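Just so we're clear, the structure is a prediction, and the values are computed from it rather than from any experiment. Every chain is numbered from 1 and lettered A, B, ... according to where its sequence line falls, protein lines coming before strand lines.
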Amino acid sequence: MQKVWEHQKYEEKIYKFWEKSGYFTPKPKKGRKKFCIIMPPPNANADLHIGHARFITIQDILIRYHRMKGEDVLWLPGADHAGIETQFVFEKKLKEQGKSRFDFSREELYQLIWNYVQENKINMEKQIKSLGASCDWTREKFTLDTEIVKIVYKTFKRLYEDGLVYRGKRIVNYCPRCGTAYSQLETEPQERESTLFYLDYKTITIATTRPETIFADTAIAVNPKDKRYKKLIGKTATIPIIKRKIPIIADNLVDINFGTGALKITPGHDATDFEIGKKHNLPTILVIDKQGRMVNTPKQYLGLKAEEARIKVVLDLEKEGVVIKKEKIKHLVSICYKDKGLIEPLPEEQWFIKVEKLAKNALSAIKGKKVRFVSRKYEKMAMHWLSNLKDWNISRQIVWGIRIPAWFCKDCQKWTITEGETPVSCQFCYSKNIEQDKDTFDTWFSSGQWPYATLLARSGSKIKIPLSLKDKKRLIDFANFYPTSVMETGFDIIPFWVIRMIMLGLYATNNVPFREVLIHGLVRDKEGQKISKSKGNVINPLEMSYKYGTDALRTALIWGSKIENDISVSEENIKGQRNFANKLWNIARFIKITKANLNWGKEKPNPQTKEDSLIIKDLQKTIQKTTKQIEEYRLNEAINELYKFVWHKLADKYLESTKIKTEKGTKIRKPSISVLQEVFKNCLILLHPFMPFITEAVWRELNISKKPLIIERWPIIKEK
RNA sequence: GACCGCUUAGCUCAGUUGGCUAGAGCGUCUGACUUACAUUCAGAAGGCCGGGGGUUCGAGUCCCUCAGCGGUCACCA
């Protein structure tokens, strides 16, 4: 054995050995406990970052621990096509080459992105492997795999038949630059300073920040409780410039204290106004188109961008003398989460999921502890979201994704929904004049089905959704591993992903997709700052793994903070863990040099000195403690416990007490060897989930067993 | 504005049914060239556990309150 742990010589070989031997692939037996984690599929559009490394480590620790307990363990890896994200990244690349998506046909563009993603996927798999992830690559899934897509289609069709999917005209969050609508979740509020204009509508004065939309006004609303305006309800007001008369109506959505308490209603360009307009049967007028330019206005504004039009309109209003007051206010506007530009609320025909019922079922599953959140704060977050959800817009006007299996009949104006196959004709009037919707599904609609889709996909497509018990006999993976054990993921995607998996899982399978939810915090830098490229504090996990060893990186990623909390990681931390790995290596080396590794385990541990008894007692305590800590997901405490035991109790104290100096060199007291073997063997077992490479390497170097460590049994201490 | 969380050593953080002298890593300081390991060893300093009040035999831990920080949400035009 070399003087120091040289991880680079071992890691790749050991990983290949594990994978080739099939230890990552479960061979389920009846009656054995099952443990399953579906890996949150990383987006197949970039390198792994330190955050990925952390969650892969956490999941691998749990997986290895349960595997060593002798359970049937499945960790299913995957990759996400990540619709908008990926198309966005790809378009950026095109831009660098001086091209844009409009230079290609739909098919060409799809193929180009496909190739790009395939490349990334292979790269990503390599990176996950280098972190020691013991996931079952034979079951790897991609969100665009044929089998997965089939299941997504089926779910969509059934939702449609159940009346839970509808096509409706609603205000959507349209980004004129991205050329697509977004869901409620994909917009961000941003504080902006704007001018609030008080405009004279003859009978009443209103306040608005968007005077360019006055041409789309179809009413003025006041609060019914507002004494100032009671007499005016039912009368009319007059839009300046175009002099159109519009009714004054009452609606309690209007805030009495804002502006003048009178709100101009523009159903075409504002979500609240759209709602009010619907309630009062007001017409919808559009004055801004999808490119963000003015339409349906007096000639002088036509074709202008909305913000340019505003300046011109204000000038004209001032000329007319109807601007009563101007006031600077700070208010929140919606911006696109991708390009940070203004979102234009527009009424659009899109596919929506009615979420009320689904959310209600998800809520009661959480309340009934069918899904248990390990951390209470995140449970509250999920419940808060579920209680406030709006209908989910699942259409995206992009190419990269699963195309919606809906065909529009130009003759009878009805939609034919299929399970993916192209219909011969309209199912209502049999016209052949049909055309498929150009839109694709929101990525989260497919990843929301991930737990059951991945487990079912292996069994072929002859699956009915919802699944019946009869199906289960045939569907082995699904029967064995669903509901999965733990969903381990980041808090930022609780609303996008976690709650939707619960909703869709319950809907499609009548069962929750997972029993527990473990949410991890962010990786931060040494000072606790968020990691970002612009701050220049990026920690590259692959570089660190290469420099200090994967085991060191892994332990550093769970060291010191609770899983659910943010963690500070620095190169010094990783170095410190590298030192620990080296300490472990050198204990092994010492054992080998002194030939204390011969006949490993032949003799039962036979404590003779008080140090012998003490270390055996301490070992038992450590086993008990760490087992409990892992069970309760307190991985930081477990690794700290093991660190202290190995370094300070075993190496510093016990090992020193067994040394005898002879003329030929240092030896270990013979009667203590059996004790030392017992203790060290258990250290390797307990550390294996955290530091899989070095423990497996040492296990082999010392010839402890013919069986590899990865499938060695976790020790059980009987409680007294 | 609403909801949630945090405040413990110089720094980053543990401390889960309230109970030994409040811990870890890093950092700092003193000493050691001795060895399986200098990626080492022996030791030390450093804490009114944010402020105040309460419950209790006993509070870092439970309750109330104040302050500071952070997060999530929100239709205020």
Asks: For A:F645, is the NZ or CZ atom of A:K625 found under 6.0 angstrom from the centre of its six-membered ring and inside 45 degrees of the ring axis?
Replies: no

Asks: Would you mind reading off the distance between A:E275 atom CD and B:C76 atom P, rounded to a whole angstrom?
Replies: 12 Å

Asks: Just how far, in rounded Å, is C1' of B:G23 from NZ of A:K644?
Replies: 7 Å

Asks: When the ring planes of A:W647 and A:F580 are compared, do they come out parallel, tilted or perpendicular, using 30° and 60° as the limits?
Replies: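 The arrangement is parallel - the two ring planes meet at less than 30°.
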
Asks: Taking the C1' atom in each of B:G46 and B:G5, what is the distance between them to the nearest angstrom?
Replies: 29 Å

Asks: In this structure, how many angstroms lie between the C1' atom of B:U72 and the CG atom of A:L522, rounded?
Replies: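 Distance check: A:L522 CG to B:U72 C1' gives 14 Å.
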
Asks: B:A22 and B:G60: how far apart are their P atoms, nearest whole angstrom?
Replies: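 Their P atoms lie roughly 10 Å apart.
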
Asks: Distances under 3.5 Å between protein N/O atoms and the N/O atoms of nucleotides 41-47 of chain B, please, pair by pair.
Replies:
residue, atom, partner, partner atom, Å
B:C41, OP1, A:K583, NZ, 3.0
B:C41, OP1, A:W647, NE1, 2.4
B:C41, OP1, A:D652, OD1, 3.3

Asks: Given atom CZ of A:R524 and atom P of B:G70, what is their separation to the nearest angstrom?
Replies: 11 Å

Asks: Are A:R524 and A:D566 within salt-bridge range, i.e. N to O under 4.0 Å?
Replies: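 Salt bridge: yes.
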
Asks: Could you tell me whether the phosphate oxygens of B:U12, OP1 or OP2, come under 4.0 Å of any side-chain nitrogen or oxygen in A:S570?
Replies: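 Answer is no, no contact under 4.0 Å.
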
Asks: For RNA chain B, which consecutive runs of 3 or more Watson-Crick or G-U pairs (each distance under 3.5 Å) count as stems?
Replies: B:1-7 with B:67-73, B:10-13 with B:23-26, B:28-32 with B:40-44, B:50-54 with B:62-66

Asks: For the C1' atoms, the ones on B:A9 and on B:C66, what distance do you get once it is rounded to whole angstrom?
Replies: 26 Å

Asks: Can you check the distance between B:U61 and B:A77, where both ends of the measurement are the C1' atom (answer in whole Å)?
Replies: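 It comes out at 48 Å once rounded to the nearest Å.
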
Asks: Measure CG/A:N586 against P/B:U40 and give the value in whole Å, please.
Replies: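 About 10 Å, once rounded to whole Å.
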
Asks: Kindly say whether, by distance alone, the side chain of A:E656 makes a donor-acceptor pair under 3.5 Å with the base of B:A36?
Replies: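 Yes, a donor-acceptor pair under 3.5 Å.
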
Asks: Does the side chain of A:H331 get closer than 4.0 angstrom to OP1 or OP2 of B:A77 through an N or O atom?
Replies: yes

Asks: Whole Å only: how far is the CD atom of A:E212 from the P atom of B:A77?
Replies: 14 Å

Asks: Quick one: on RNA chain B, does A:W559 or A:N636 contact a more 5' nucleotide (nearest heavy atom)?
Replies: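 Taking each residue's closest nucleotide, the earlier one in sequence belongs to A:N636.
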
Asks: How far does the P atom of B:A45 sit from the matching atom of B:C63, given to the nearest Å?
Replies: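 Straight-line distance between the two P atoms is 35 Å.
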
Asks: With sugar-phosphate meaning primed atoms plus P, OP1 and OP2, does A:A271 contact a base, only sugar-phosphate, or nothing at under 4.0 Å between heavy atoms?
Replies: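 No contact.
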
Asks: On RNA chain B, nearest-nucleotide positions of A:F491 versus A:R578: which is more 5'?
Replies: A:R578

Asks: A:F274 ring centre to A:R170 NZ or CZ under 6.0 Å, with the angle to the axis within 45°?
Replies: no

Asks: Roughly how many Å is it from CD in A:E379 to P in B:G71, rounded to a whole number?
Replies: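 My rounded result for the distance is 23 Å.
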
Asks: Between P on B:U39 and NE2 on A:H7, what's the gap in Å once rounded to a whole number?
Replies: 15 Å

Asks: Can you find a side chain N or O atom of A:N565 that sits less than 4.0 Å from OP1 or OP2 on B:A14?
Replies: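 Affirmative; the distance criterion is met.
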
Asks: Side-chain N or O of A:K628 less than 4.0 angstrom from OP1 or OP2 on B:U16?
Replies: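 For B:U16, OP1/OP2 do not have a side-chain N/O of A:K628 under 4.0 Å.
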
